Amino acid sequence: MKVRFFWHAYLGIQSREWQRFWQQRNRFATALIRPLLWLFIFAVGLGLSDNGYNLKGSSQTTSYQGYLVPGLCAMAILFNSMQSALSIVYDREVGSMRVLLVSPLPRWFLLSSKLLAMGTLSVIQASAFLAIAWMTGVVDIGLIPLLFVLPVFLMAALMLGSLGLLIATWIKQLENFAGVMNFVIFPVFFLSSALYPAENFQGRNSLLYGLVMANPFTHVTEAIRHALTLSWHPQSLAFAIASTALLALFAVRGFSPQRTNVL
Amino acid sequence: MELLANEVSFRYGTREALKNISFRLKSGQFHGLLGPNGSGKTTLFGLITRLLAMQRGQIRLGQHLLNRHAPEAMNSLGVVFQQSALDPDLTVLQNLEYHGALQGMGKQARHQAIDREMSRFSLNGRAGARVRTLSGGHQRQVELARALLHSPSLLILDEPTTGLDLDTRHGLICHIHQLCRDEGLTVLWATHLVDEVWPTDNVLLLHEGRLKMQGIAETLCHQTDSADLRELIQTLGKAQP
């Protein structure tokens, strides 16, 4: 099989995701509202306006709103990834998933391409939120931090997209997706350092602290936070990269048309 | 292109859906896969398309074993599923573009093939229509155009006339026969409707997961003293396995 066959197929998958995205462009706007509510209502309502939030391994401090921005970028990616998982289940129900799976190209390639295509859209979603945070003066981002944070966004999108693909493999019906909200998205989000420093759990509840530190979402949030401030936190980055690789491997290897009732 | 199935068996848990099926599809000919609902037709399609993993036996498409050389084997296969495989929210053109790309076709080759298939099925005026706005008959035509886009040498269709009126059904069957005759396409047409198979067609009779008979329809009827295929299938259903 020639390389250009793979390239054409990848472009086809990417193009289809864009077409679907364009059709549901209002989804883009509504998905932005969620992190913006957290940023401009929740953060202000809590009254945490002091500049006491600093980063692990860095002397820089920020306001609570500024602290929230990386977590909310990760949140935008998380929700978009789950939305993509929902679209995989929908594709399966309407039958269009079969067209993908009967392609002569290897299944690992087709699924990886789909993950990458979905991930690109998540990156755009998170970037749009970051742009609003920058335009409203919540964060100050230069060109160089932006260049650093975009690959981290993509890594986060691949990690969370893989999680979405794994979930889509196990969800039998579209109606069951609401359960995912309660049992996956919220625990993943709240048991992380997106809204509060992980250290807040340390000494208060060792079980919760352990869960927060074992949660890949914590590390991807930290990787975004450090990329935005051009600081270096190798543990979080390594954990996030390893989690992305593992989840992607499980998602692609574990995807079975038989299990998902594609036929 | 020939398709060769050798001692293929498949189980869903403890239920045996296919039991030691062996057959050969002859190159450039129309083959009707006949059997009542639940006889194993869709399972067989699942195995040929790799949507089900092979448990026992082998399927060979041309020179390529499906388990070992899947990409090469699948390259020459066109599939029409029982239920639509089109994205209802995309247009006809977008669906065909997507399928062509998944077959590794470049832009130019894709556009030429789309023009060819749209003309073949008289779909030229509907390129920009969303699939969900089309009638059942037109959706089936788009499905066929999609399946033929990459010029496969083997076309398999699983109950492709589901939901179609009599005229559209007849038109579709004639069209596929014409493709076998004119373009040398090998066809496996699964159905439970015996009138979709012509007397001169090859038939495979599937019943409760077993391949009961195979051969030319009128010859099989003659050999078993059956007036027609319907009577032959009824006789097979009554006979002990």
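Lettering follows sequence order; numbering is per chain, from 1. This one's a predicted model, so the numbers in the text were calculated from it and none came from an experiment. What you see below is based on every heavy atom in this structure, not just the backbone, and it leaves out hydrogens, waters and symmetry mates.
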Side chains of [X] and [Y], heavy atoms from C-beta outward: is any pair under 4.5 Å?
X: Val102(A); Y: Leu77(B); value: no
X: Leu102(B); Y: Val99(A); value: yes
X: Arg50(B); Y: Arg107(A); value: yes
X: Arg130(B); Y: Gln23(A); value: yes

Taking atom [atom1] of [X] as the centre, does the number of heavy atoms from other residues, nucleotides or ligands within less than 6.0 Å exceed 12?
X: Phe148(A); atom1: CZ; answer: no
X: Arg20(A); atom1: CZ; answer: yes
X: Phe28(A); atom1: CZ; answer: yes
X: Arg27(A); atom1: CZ; answer: yes
X: Arg68(B); atom1: CZ; answer: no
X: Arg253(A); atom1: CZ; answer: no
X: Arg60(B); atom1: CZ; answer: yes
X: Phe186(A); atom1: CZ; answer: yes

Of all the heavy-atom pairs spanning [X] and [Y], show the shortest one and how long it is.
X: Ser103(A); Y: Gln103(B); answer: CA-NE2, 4.1 Å
X: Met74(B); Y: Pro104(A); answer: CB-CA, 3.7 Å
X: Gly12(A); Y: Ala101(B); answer: CA-CB, 3.5 Å
X: His8(A); Y: Gly104(B); answer: CD2-O, 3.3 Å

Ser96(A) side, atom OG; Phe81(B) side, atom CZ - distance, nearest 0.5 Å: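 Output value for this atom pair is 11.5 Å.
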
To the nearest 0.5 Å, how far apart are CD in Gln94(B) and OG in Ser15(A)?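 OG of Ser15(A) is found 7.5 Å from CD of Gln94(B).
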
Residue pair Arg16(A), Glu97(B): steps toward the side-chain contact (heavy atoms from CB on, under 4.5 Å) verdict: CA-CA 9 Å; Arg16(A) 181 175 179 270; Glu97(B) 283 266 6; over 6 Å; no

Part of Leu86(B) lying under 4.5 Å from any heavy atom of chain A: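 Backbone of Leu86(B) only, per the 4.5 Å heavy-atom cut-off to chain A.
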
Structural part of Leu100(A) lying under 4.5 Å from a heavy atom of chain B: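 Both backbone and side chain of Leu100(A) come within 4.5 Å of chain B.
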
Among Leu90(B), Asp87(B), Asp89(B), find the one that has a side-chain contact (heavy atoms from CB on, under 4.5 Å) with Gln19(A).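 Exactly one pass, corresponding to Leu90(B).
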
